[in-house]
Protein chains: 4
Amino acid sequence: MTQQRRIGRPPAADDRDVRNALVDAAIELFGKSGYASTSIQDIATAAGVTKGALYHYFTSKDELLYTIYAPELQNHIALLLEALQMEAPAIDRLRKAASDIVEISATRIHRTAIFFESLSQLSEARQREIRRERRRYHELFASLIKDAREDGSIRAEPSPDIVIDFFFGAVHYLRTWYDIKGPISPTELGEIYADFLIRGLVDDR
Amino acid sequence: MTQQRRIGRPPAADDRDVRNALVDAAIELFGKSGYASTSIQDIATAAGVTKGALYHYFTSKDELLYTIYAPELQNHIALLLEALQMEAPAIDRLRKAASDIVEISATRIHRTAIFFESLSQLSEARQREIRRERRRYHELFASLIKDAREDGSIRAEPSPDIVIDFFFGAVHYLRTWYDIKGPISPTELGEIYADFLIRGLVDDR
Amino acid sequence: MTQQRRIGRPPAADDRDVRNALVDAAIELFGKSGYASTSIQDIATAAGVTKGALYHYFTSKDELLYTIYAPELQNHIALLLEALQMEAPAIDRLRKAASDIVEISATRIHRTAIFFESLSQLSEARQREIRRERRRYHELFASLIKDAREDGSIRAEPSPDIVIDFFFGAVHYLRTWYDIKGPISPTELGEIYADFLIRGLVDDR
Amino acid sequence: MTQQRRIGRPPAADDRDVRNALVDAAIELFGKSGYASTSIQDIATAAGVTKGALYHYFTSKDELLYTIYAPELQNHIALLLEALQMEAPAIDRLRKAASDIVEISATRIHRTAIFFESLSQLSEARQREIRRERRRYHELFASLIKDAREDGSIRAEPSPDIVIDFFFGAVHYLRTWYDIKGPISPTELGEIYADFLIRGLVDDR
DNA sequence: CATGAATGAGGTTTCATTCAT
DNA sequence: AATGAATGAAACCTCATTCAT
């Protein structure tokens with residue numbers, strides 16, 4: 001009943017930052033296989049520690065996801081605000097915002113996958129919080145489109161919502177095919193995608 | 001009031017359509033929650049039968065997924081072949097192919113979600129088979145783009161692969177926002193998206 | 001990823017009622033070691049099945065506890081109501097109620113232990129329900145004491161609440177020492193305890 | 001504003017009383033929630049230190065329990081010996097012993113809970129030791145009853161063992177309802193309980 | 001003296017699957 | 001054709017304990 005246990009912290013182990021190793025492993029695995037299909041054990045193993053160590057740093061699988069998720073959204077918002085505040089014609093600001101989000105999404109491909117796929121896995125409370133921020137992002141982006149529309153540089157159709165859903169679908173999809181080691185750099189891809197977006201929006205003749 | 005007793009096979013009701021009920025339930029649940037997050041029990045309950053019944057019709061969860069998955073891909077290919085064989089300028093065939101895939105994806109939104117998300121859940125053998133077919137679809141679509149390019153109706157850049165990945169990202173993403181009961185019909189959406197694609201491809205000036 | 005499993009229901013097994021076996025095992029183990037110290041595995045093993053079987057019958061450990069707990073309280077209340085409705089002087093009804101609860105508690109010693117010890121382990125909702133019923137029991141018992149007091153057969157002190165807590169402490173404690181195979185039968189013990197109670201209550205001289 | 005840096009030992013504050021803080025926290029938590037349901041982490045947190053600190057003072061959870069448990073039993077025995085050695089009629093010594101144990105149990109309610117509930121959680125060796133001491137307590141108490149019986153001041157039935165189990169059940173149960181901030185002081189309660197005991201024992205006529 | 005990292009065992013629960021009926 | 005019982009693996013998580021610092 002009161003049995004002696006001879007376990008505990010092992011004599012040493014290498015020093016590297018275990019927390020970071022866990023986050024990195026989680027990003028890769030959640031990104032590649034999805035949240036639901038990745039087990040805590042998978043992550044711990046990939047990070048070279050035991051499950052117990054993971055729970056030393058994160059109180060739940062959900063919290064680990066949130067730790068990855070939340071700053072990503074903040075990055076996107078910060079990047080968008082930068083573009084918004086540029087001194088340039090509306091259409092150029094829009095182009096910048098579009099190429100930036102593609103560039104960062106291609107660069108951080110696993111995080112991008114997690115970002116688009118795993119929202120529903122968060123706790124209700126955290127989902128609400130994230131949705132609020134996502135809506136804010138969406139509205140900021142929509143305002144860019146409206147600005148460009150008002151100065152006549154792009155056409156009036158379709159609605160900003162559809163444009164955004166169209167474009168962000170393409171961004172989201174990067175995770176399925178884009179390879180950073182391939183011939184196209186994230187920056188180039190950003191330009192190609194932004195170009196595609198703008199061409200789709202400008203009035204022909 | 002002598003009550004009829006029915007032993008053995010339960011009351012009947014829908015009778016033979018248990019299989020269909022199971023497939024419908026699976027489509028909805030896989031589509032909404034994802035394959036990994038949907039349990040066999042969820043599906044059986046939604047279809048109003050027991051797990052045992054499900055295993056009477058399908059040998060595994062994987063097979064149920066495949067049953068949903070495979071014909072969808074065949075539909076897509078058939079639709080694409082139709083567009084390819086149209087008697088019309090390349091650019092019109094391309095436009096048709098694009099609007100068709102959007103229309104069908106918006107109409108069958110849960111299947112679309114499954115189609116894009118659940119490939120990796122199939123058995124290795126089935127994945128290989130599906131990937132082969134998907135590649136075929138991709139190449140057929142690419143050939144449409146090349147045709148339009150050759151007759152000079154669209155510009156030479158970017159590569160067909162990128163165009164396809166861009167566009168199909170947008171299609172895939174429909175599952176996250178499109179509501180068939182909303183103001184835009186699948187057909188209208190098909191036109192909007194196809195228009196966007198073509199505008200992105202035609203040479204400016 | 002989609003790995004074949006070769007497990008499931010075993011070829012036969014003996015027919016006896018597994019659900020009852022599980023409940024019996026749980027009663028014994030919860031009663032002897034307490035709810036917190038008894039694992040689901042312990043119960044399943046004692047019942048000769050696997051954990052999975054247990055979860056086929058009960059959705060949680062909490063529900064298993066409740067399944068044991070709730071009817072016990074109902075038994076106690078029914079027994080008490082019987083005594084209350086007897087045609088006899090108040091003091092005799094009180095004596096009967098007291099000896100009955102001792103008798104049943106001694107007979108069902110593990111359930112008694114669970115009854116007194118495990119309330120706090122139930123879910124909040126179930127605790128509220130049980131507490132309401134327990135309070136009802138307490139008040140019915142108190143009314144017996146008041147009746148006897150009003151006809152002058154017992155003294156006015158101490159308050160019924162204290163008397164009840166005093167006496168039920170003794171009942172509760174049976175689980176720590178009473179052995180049904182020992183020299184004292186539950187019925188005899190009921191008489192001894194009831195006698196003790198009544199003597200403590202009657203006016204001296 | 002050169003800020004003092006304190007490396008190593010934290011700021012001090014209570015300083016040496018960490019051990020006491022741990023014991024106090026453990027008493028409260030074991031008493032309220034039970035040994036099995038209280039974690040080492042709970043105790044450390046309640047005491048405002050880390051688990052490591054706890055293990056600095058106690059080699060195991062079991063030892064912490066024993067540290068609380070053992071002196072309590074010694075207190076009880078000491079108190080009982082005092083009553084035994086009083087110069088007074090046997091029945092008065094019995095009454096004193098009874099009211100004393102009630103008073104101390106009501107005063108130290110969490111310890112009382114631990115005392116009666118957690119014996120089985122100790123290691124085998126310690127259980128043996130405690131059981132020996134408990135038996136000694138029991139026999140001393142029984143001798144008091146026998147003394148009173150021999151001088152004819154109480155009746156011959158029931159056996160001292162049953163009387164003790166009856167009475168100590170009531171004492172044990174205090175933990176479930178007694179509130180030291182309520183209207184009854186421990187001393188008053190001691191008198192009420194002792195009175196109840198003696199009344200139950202004296203010969204009627 | 002005390003912390004914080006880490007462990008391995010074991011806890012509750014879920015789940016795809018099997019099979020007698 | 002369909003049920004319901006049962007399985008074993010694996011999921012998430014808790015926890016007492018150890019040890020370098």
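In what follows, every chain begins at residue 1, and chains take the letters A, B, ... in the order their sequences are listed.
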Side-chain N or O of A:Tyr57 closer than 4.0 Å to phosphate OP1/OP2 of E:dA6: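 So the side-chain polar atoms of A:Tyr57 do come within 4.0 Å of the phosphate oxygens OP1 or OP2 of E:dA6, strictly under.
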
With no hydrogens and no angle check, just 3.5 Å: does a side-chain donor-acceptor pair link D:Glu63 and D:Thr67?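 Judged by distance alone, the side chains do not pair up.
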
[X] [atom1] - [N] [atom2] separation (whole Å):
X        : N      : atom1 : atom2 : answer
D:Asp42  : F:dT14 : CG    : P     : 11 Å
A:Leu65  : F:dC12 : CG    : P     : 12 Å
A:Gln121 : F:dC12 : CD    : P     : 11 Å
D:Asp17  : E:dA2  : CG    : C1'   : 16 Å
C:Phe58  : F:dA6  : CZ    : C1'   : 15 Å
D:Leu64  : F:dT17 : CG    : P     : 10 Å
A:Glu63  : F:dC12 : CD    : C1'   : 14 Å
B:Gln41  : F:dA11 : CD    : P     : 20 Å

So which nucleotide from [options] ends up closest to the side chain of [X]?
X       : options                : result
B:Ser39 : E:dT12, E:dA16, F:dC12 : E:dA16
D:Thr50 : E:dG4, E:dA16, E:dG8   : E:dG4
D:Tyr55 : F:dT18, F:dC13, E:dT13 : F:dT18
B:Ile40 : E:dA16, F:dA16, F:dC13 : E:dA16
A:Ala53 : E:dA6, F:dC12, E:dT13  : E:dA6

For D:Leu119 versus D:Arg131, what's the shortest heavy-atom pair and its separation?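 Of all heavy-atom pairs spanning D:Leu119 and D:Arg131, the closest is CD2-NH1, 3.7 Å.
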
Check: D:Asp62 main-chain N/O paired with D:Gln121 side-chain donor or acceptor under 3.5 Å: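 Checking the backbone N and O of D:Asp62 against the side chain of D:Gln121, no donor-acceptor pair under 3.5 Å is found.
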
Identify whether NZ of Lys or CZ of Arg in D:Arg19 sits under 6.0 Å from the centre of the six-membered ring of D:Tyr57 and within 45° of that ring's axis.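 Judged by the rule, D:Arg19 and D:Tyr57 form no cation-pi pair.
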
Describe the nucleic acid contact of D:Ser37 in one word from base, sugar-phosphate, nothing, applying a heavy-atom distance below 4.0 Å.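 Answer is nothing: D:Ser37 stays at 4.0 Å or more from every strand.
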
Is the base of E:dT17 touched by the side chain of B:Lys51 through a donor-acceptor pair closer than 3.5 angstrom?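 Flag set: donor-acceptor pair detected.
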
Please report the interatomic distance CZ(A:Phe30) to NE2(A:His110), rounded to the nearest 0.5 Å.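 Answer rounded to 0.5 Å: 13.0 Å.
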
First encountered from the 5' end of DNA chain F, between C:Val49 and B:His56: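 It is B:His56, whose closest nucleotide lies nearer the 5' terminus.
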
Taking for each residue the nucleotide of DNA chain E with the nearest heavy atom, is it C:Gly52 or A:Leu54 whose nucleotide lies nearer the 5' end?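 It is A:Leu54, whose closest nucleotide lies nearer the 5' terminus.
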
Identify the nucleotide, in any strand shown, that forms a Watson-Crick or G-U wobble pair with F:dT14, with both distances under 3.5 Å; if there is none, say none.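 Across any shown strand, F:dT14 pairs with E:dA9.
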
Could you tell me the Watson-Crick or G-U partner of E:dA20, where both distances fall under 3.5 Å? Say none if there is no partner.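 Because both required distances fall under 3.5 Å, E:dA20 counts as paired with F:dT3.
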
